[in-house]
Amino acid sequence: MEAFEYRDGELFCEDVSLQQLAERTKTPAYVYSRRTFEEQYREAAQAFAELAPEVRYSVKSCGNLHILKLLAQCGAGMDVVSGGELYRALRAGVKAERVCFAGVGKADHELVEAIRVGVGSFNVESEQELATIERVAREQQKRVRVAVRINPDVGDSKTHVKTNTGKRGTKFGIDSERVPGVFQTFGQSPHLELESLHMHIGSPIYSAEPYLRAITVVLELAETLRRQGNPISKLNLGGGFMASYGLADAPEVPWSTFAGPITEALRPFVASGGRCLIEPGRKISANAGVLLTRVLYTKKCGDRNVVVVDTGMTHLMRPALYDSEHFVWPAKVQAGHAPSSRDPRQRRDGFDIYDVHGPICESTDRLAEARSLPPVQRGDLLAIFTVGAYGMVMASQYNAVPRPPEVLISGTESLLIRRRETYEDLVQAELETRAI
Ligand code: LLP
């Protein structure tokens with residue numbers, strides 16, 4: 001069931017009126033639905049049930065401690081890409097062995113920390129990284145589990161050019177023809193358990209097909225490695241599963257659309273004792289969050305209706321960075337003006353066309369372009385949808401704008417899970433100077 005819905009012209013998150021909530025939180029504010037996180041997690045687990053994968057939620061998509069805690073309660077482990085994300089996961093109470101540490105540039109100190117706390121596995125992206133992990137593990141007299149990330153070179157996985165990771169020449173993974181050599185060099189180390197192959201081909205991926213192409217490459221490689229005496233017991237399929245942004249030409253893709261064909265492809269591997277792991281982020285978090293913002297000003301610029309709101313690219317980078325389209329609509333509308341869908345491109349007879357801009361001194365600080373909206377006035381509350389993933393986590397303080405609060409809704413309850421930053425927060429790390 002949709003957690004964000006209009007009731008008598010008023011937008012609710014679960015059973016909380018966002019108009020009323022915004023009176024208390026002020027704006028801008030990120031608001032999340034607990035139920036959506038839980039439902040998405042459950043649907044993913046159910047869809048992939050036959051493979052019974054370990055689910056490692058991708059912390060980078062939405063990493064608030066309280067969100068991590070709730071997903072851990074659902075059964076998720078965590079996929080982290082930095083010492084900071086590892087710290088978050090541990091602070092949220094996630095057991096280190098349920099964390100996999102990915103990322104193309106893990107610093108030495110991050111490896112030392114991660115091995116010390118005993119993370120479950122590393123997704124390794126280069127020969128030098130593996131050599132460093134081997135050295136650190138030896139120094140700590142530990143044995144660590146490793147998934148070698150291969151670049152399956154699946155070419156165009158139909159994602160945004162800035163988020164394609166499964167193509168030769170991108171910085172990600174190890175080219176597959178070098179992987180047997182990696183196992184030969186490191187396979188005998190008593191400090192490494194090279195048990196797994198990892199792939200992540202991009203984000204978002206719109207269908208199962210690019211996964212299947214990559215899985216074919218990975219399975220072939222696993223077979224080569226087995227013949228060389230390096231049996232692969234686990235495959236990590238990465239994340240990237242597309243969430244619905246409401247666009248009519250990119251309709252909702254249910255978990256089963258991915259899970260069905262992927263399960264088919266991996267059935268023999270699992271039947272022979274192999275295990276799987278997935279690292280979803282966006283599909284779990286994207287539609288769990290909206291960003292509430294107030295209209296500061298409306299004006300004409302040439303022939304365009306310009307709406308200036310109190311949030312922008314500092315709090316939601318995606319439109320500026322990827323030209324991504326997020327559905328925007330007033331949180332309170334008169335009868336008959338509730339949205340008919342979540343399609344950002346929907347056109348409504350009699351509605352004016354607006355551009356929605358942020359306050360930042362950059363022309364790319366535009367949250368929405370040429371949108372057909374009910375009449376918009378100074379003081380109106382707008383909701384920007386599908387920003388649970390890669391929203392707050394990518395927020396900055398550019399232009400010295402404090403970051404917004406985060407609120408988690410559960411039924412009729414609303415919990416402030418991150419307070420609004422203050423001006424003091426902006427300068428905190430600059431107050432003490434010392435010669436260096
Ligand atoms: N695993 C690995 C190794 C990844 O690099 C990523 C995302 C994921 C899992 C999770 O992917 P997801 O299921 O969330 O699609 N900032 C961009 C997305 C960057 C994704 C980076 N890696 C955006 O706003 O669209």
Side-chain angles (χ1 to χ4, degrees), residues 37 40-41 43-44 47-48 53-63 67 71 76-82 85 89 99-106 121-125 129 147-152 157-167 170-174 196-207 210-211 214 218 235-245 247 250 253 255 258-259 262 276-289 291 313 315-326 367 384 386-396:
F37 280 109
Q40 283 297 327
Y41 181 85
E43 278 176 34
F48 280 102
E54 294 169 27
V55 180
R56 300 287 177 256
Y57 169 68
S58 195
V59 172
K60 70 171 81 63
S61 75
C62 185
I67 307 272
L71 286 168
M78 302 292 151
D79 155 47
V80 305
V81 287
S82 68
E85 285 192 352
V99 172
C100 69
F101 197 148
V104 73
K106 305 175 192 74
S121 63
F122 289 89
N123 297 341
V124 168
E125 304 233 7
E129 181 193 337
V148 175
R149 178 172 181 175
I150 75 159
N151 186 322
S157 48
K158 306 234 164 21
T159 186
H160 193 284
V161 64
K162 292 186 183 172
T163 54
N164 188 343
T165 59
K167 198 168 165 220
T170 60
K171 68 179 174 182
F172 299 98
I174 300 179
S196 176
L197 293 176
H198 174 241
M199 61 180 237
H200 171 76
I201 50 180
S203 166
I205 304 293
Y206 294 82
S207 69
Y211 288 95
V218 170
L235 295 182
N236 180 337
L237 309 177
F241 309 98
M242 191 268 197
S244 172
Y245 285 83
L247 287 159
V253 182
W255 280 104
F258 294 107
I262 290 175
C276 295
L277 195 150
I278 54 173
E279 300 169 340
R282 186 192 312 268
K283 197 161 175 59
I284 290 176
S285 53
N287 277 302
L291 177 56
M313 63 187 286
H315 303 151
L316 181 64
M317 265 264 255
R318 304 192 72 256
L321 201 53
Y322 314 114
D323 295 319
S324 63
E325 293 169 284
H326 291 263
L367 294 165
I384 306 172
T386 322
V387 296
Y390 306 106
M392 183 63 175
V393 284
M394 291 173 76
S396 77

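One-based numbering, in listed order, for ligands and for the atoms of each.
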Under 3.5 Å: N/O of Tyr390 near N/O of ligand 1: yes
Proximity flag Gly240 to ligand 1, non-hydrogen atoms under 4.0 Å: yes
Any Ile150 side-chain heavy atom under 4.5 Å of Ile174 side chain: no
Sidechain N-carboxylate O distance under 4.0 Å for Lys106, Glu129: yes
Arg149, any N or O under 3.5 Å of ligand 1 N or O: no
Donor-acceptor contact below 3.5 Å, side chain His326 vs main chain Leu367: no
Met242 touching ligand 1 at heavy-atom level, < 4.0 angstrom: no
Atoms in ligand 1 flagged as close to Gly239, the criterion being non-hydrogen separation under 4.0 Å: 1 (N), 9 (C), 13 (O)
Ser285 (side chain) donor-acceptor with Cys62 (main chain) under 3.5 angstrom: no
Phe101 and Phe122 aromatic ring geometry - parallel, tilted or perpendicular at 30°/60° bounds: parallel
Sub-4.0 Å heavy-atom approach of Lys60 to ligand 1: yes
Nearest-option assignment for atom 9 (C) of ligand 1, heavy atoms, candidates Arg282, Met317, Arg318, Glu279: Glu279
Heavy-atom donor-acceptor pair, Asn151 side chain to Gly173 backbone, under 3.5 Å: no
Gly281 N/O under 3.5 Å from ligand 1 N/O: yes
Close side-chain approach of Arg282 to Tyr390, heavy-atom, < 4.5 Å: yes
Pro280 neighbourhood, listing ligand 1 atoms whose heavy-atom distance to it stays under 4.0 Å: 13 (O)
Numbered atoms and elements of ligand 1 in range of Ser58, under 4.0 angstrom, heavy atoms: 8 (C), 9 (C), 10 (C)
Test item, Lys283 contacting ligand 1 (heavy atom, 4.0 angstrom): no
For Asp79, the ligand 1 atoms whose distance to one of its heavy atoms is below 4.0 Å: 1 (N), 9 (C)
Parallel, tilted or perpendicular: rings of Phe241 and Tyr211 (30°, 60°): parallel
